[in-house]
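Worksheet: one structure, shown below.
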Amino acid sequence: MSQNPEMREAILLVINAIPKGRVAAYGQIAEMAGFPGRARLVGYILRNLPSDSNLPWHRVLNSQGKLSLDGPSGQEQQRRLENDGVSLYKGKVAKAYFWQP
DNA sequence: CTGTTGACGCTGG
DNA sequence: ACCAGCGCCAACA
């Protein structure tokens, strides 16, 4: 865990603000956190998420509305999204679900 | 220091 | 709609 704390905090804060029943894209989050064009940075932070985190990481998708995870973690993410009231159609969520402050 | 990696995104075919 | 190619850049090795 040698990441830059400022970037991590800013990004975690934004993700924490995603309302239930809504989703956001990596790039969208990076932009809101003050790092336009740094979508991969968001992915990196989430990759190193501690398991005891309360972050709604499952509300973070790629810009196409698809999950960026495969396997068990992907199923877990989908399960949590359904629980939020977000359903997938053909493996994607409709654009209407994207968070728009 | 150099080289690779990657929960991404956009463009063009 | 799908996909290869490129840009991006912090973290790693």
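We name chains A, B, ... by the order of the sequence lines, and we start the count at 1 in each one.
- In this structure, A:Tyr44 reaches the sugar-phosphate backbone alone: every heavy-atom distance under 4.0 Å involves primed, P, OP1 or OP2 atoms, never a base.
- Rounded to whole angstrom, the span from the CD atom of A:Glu31 across to the P atom of B:dG9 amounts to 12 Å.
- If you check every strand for non-hydrogen atoms under 4.0 Å, A:Ala25 touches sugar and phosphate atoms only.
- Dashed line: the shortest gap from a side-chain N or O of A:Ser63 to OP1 or OP2 of B:dC10 is under 4.0 Å.
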Report task. Please lay out, stage by stage, how A:Arg59 and A:Lys20 fare under the test side chain to side chain contact (heavy atoms under 4.5 Å, CB included). Result -> CA-CA 8 Å; A:Arg59 296 176 186 158; A:Lys20 179 178 180 179; 3.4 Å; yes

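- Heavy-atom contacts from other residues, nucleotides or ligands closer than 6.0 Å to CD of A:Gln75 number 12 or fewer.
- Between A:Arg38 and C:dC9 there is a side-chain N or O to OP1 or OP2 distance below 4.0 Å.
- To the nearest angstrom, C1' of C:dA11 lies 11 Å from CG of A:Asn4.
- Atom pair A:Arg8:CZ and C:dA11:C1' shows a separation of 14 Å (rounding to whole Å applied).
- Atom P of nucleotide B:dC8 and atom CZ of A:Phe98 are separated by 13 Å, given to the nearest angstrom.
- Rounded to whole Å, atom C1' of B:dG9 lies 16 Å from atom NZ of A:Lys92.
- In terms of modelled atom types and a separation under 3.5 Å, the side chain of A:Gln3 and the main chain of A:Tyr44 share no donor-acceptor contact.
- Distance A:Arg40 CZ to C:dC12 P: 15 Å, rounded to the nearest Å.
- In this entry the distance linking CD1 of A:Ile11 with P of C:dC9 reads 14 Å, nearest Å.
- Counting heavy atoms from C-beta outward, A:Val93 and A:Ser87 have side chains that stay 4.5 Å or more apart.
- At the heavy-atom level, A:Lys66 lies nowhere under 4.0 Å from the strands shown.
- Across all strands shown, A:Gly37 has no heavy atoms under 4.0 Å from either base or sugar-phosphate atoms.
- Atom CE in A:Met7 sits about 9 Å away from atom C1' in C:dC9, given to the nearest Å.
- Side chain of A:Gln3, nearest nucleotide from B:dA7, B:dC8, C:dA11: C:dA11.
- Under the 4.5 Å side-chain criterion, counting only non-hydrogen atoms from C-beta, A:Ile45 is not in contact with A:Ile15.
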